[in-house]
Amino acid sequence: QVQLVESGGGLVQAGGSLRLSCTASGWTFSSYTMGWFRQAPGREREFVAHITRYGGTTRYSDSVKGRFIISRDNAKNTLYLQMNSLKPEDAAVYYCAKGRSSVATTLLSNYDYWGQGTQVTVSS
């Protein structure tokens, strides 16, 4: 049974940092691209970052580039998102997702399993 469980969200002041984690189970974690997405109230779910199987390739949305870092520990079946210099506009529910393959992709439709999400709130 495929499972993704996010943790690490919370309330932080603007300029602060948070580290999200996503623990995976039920498949060979190292075989697939993994991604982070987010959804703010009234908005569509959007791509934040992805990382290929062994971390060789990462990509970020323009809105988080230079502030967020995606990483993975395949030995622990865990995906991370280090979020620095947080802004109020970063507030959203953050989701980790499993890619359908090892191919790097920003498209939501190319991810087939999702976590339940973790809330990030940024106060100004």
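Note that these values count all heavy atoms, side chains included, but never hydrogens, waters or copies made by symmetry. When a residue number appears, it is its place in the shown sequence, counting from 1.
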J.: Hey, are the side chains of L108 and R45 touching, using non-hydrogen atoms and a 4.5 Å cut-off?
T.: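 In contact.
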
J.: Would you say that Y111 contacts M34 through its side chain, given a criterion of any heavy-atom pair below 4.5 Å between the two side chains?
T.: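 Sidechains of M34 and Y111: no contact.
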
J.: Contact between V93 and R38 at the side-chain level, heavy atoms closer than 4.5 Å - yes or no?
T.: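 SC-SC contact between V93 and R38 ruled out.
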
J.: For residues 17-26, dump all side-chain donor-acceptor pairs below 3.5 Å to protein atoms at least two apart in sequence or in another chain.
T.:
{"unit_1": "S17", "atom_1": "OG", "unit_2": "N84", "atom_2": "OD1", "d": "3.0"}

J.: I need the minimum non-hydrogen distance between V64 and V48, along with the two atoms involved.
T.: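 Looking at all heavy atoms of both residues, the shortest contact is CG2-O, 3.7 Å.
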
J.: Decide whether Y113 and W27 are clustered together by the hydrophobic rule: side chain heavy atoms of Ile, Leu, Val, Met, Phe, Trp, Tyr closer than 4.5 Å, transitively.
T.: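 Yes, because Y113 and W27 connect within a single hydrophobic cluster, where side-chain heavy atoms sit under 4.5 Å apart.
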
J.: Are any non-hydrogen side-chain atoms of S102 and Y32 less than 4.5 angstrom apart?
T.: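 When only atoms from C-beta onward are counted, Y32 and S102 do not touch, as no gap falls below 4.5 Å.
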
J.: Where is the tightest heavy-atom contact between T105 and H50, given as atom of each residue plus distance?
T.: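 Heavy-atom minimum between the residues: O-CD2, 3.1 Å.
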
J.: Can a donor-acceptor pair be found between the side chains of S30 and N74 at a distance below 3.5 Å?
T.: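 No, no side-chain donor-acceptor pair sits under 3.5 Å.
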
J.: Rounded to the nearest 0.5 Å, what separation is found between the OH atom of Y60 and the CZ atom of F68?
T.: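 Interatomic distance, Y60 OH to F68 CZ, rounded to 0.5 Å: 10.5 Å.
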
J.: How about W114 and F37: are their ring centres within less than 6.0 Å of each other?
T.: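 W114 vs F37: aromatic centres under 6.0 Å.
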
J.: Quick one: are F29 and L79 in side-chain contact, heavy atoms under 4.5 Å?
T.: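 Yes. Closest side-chain heavy atoms under 4.5 Å.
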
J.: By salt bridge (charged side-chain N to carboxylate O under 4.0 Å, His left out), which residues pair with R67, not counting sequence neighbours?
T.: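 D90.
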
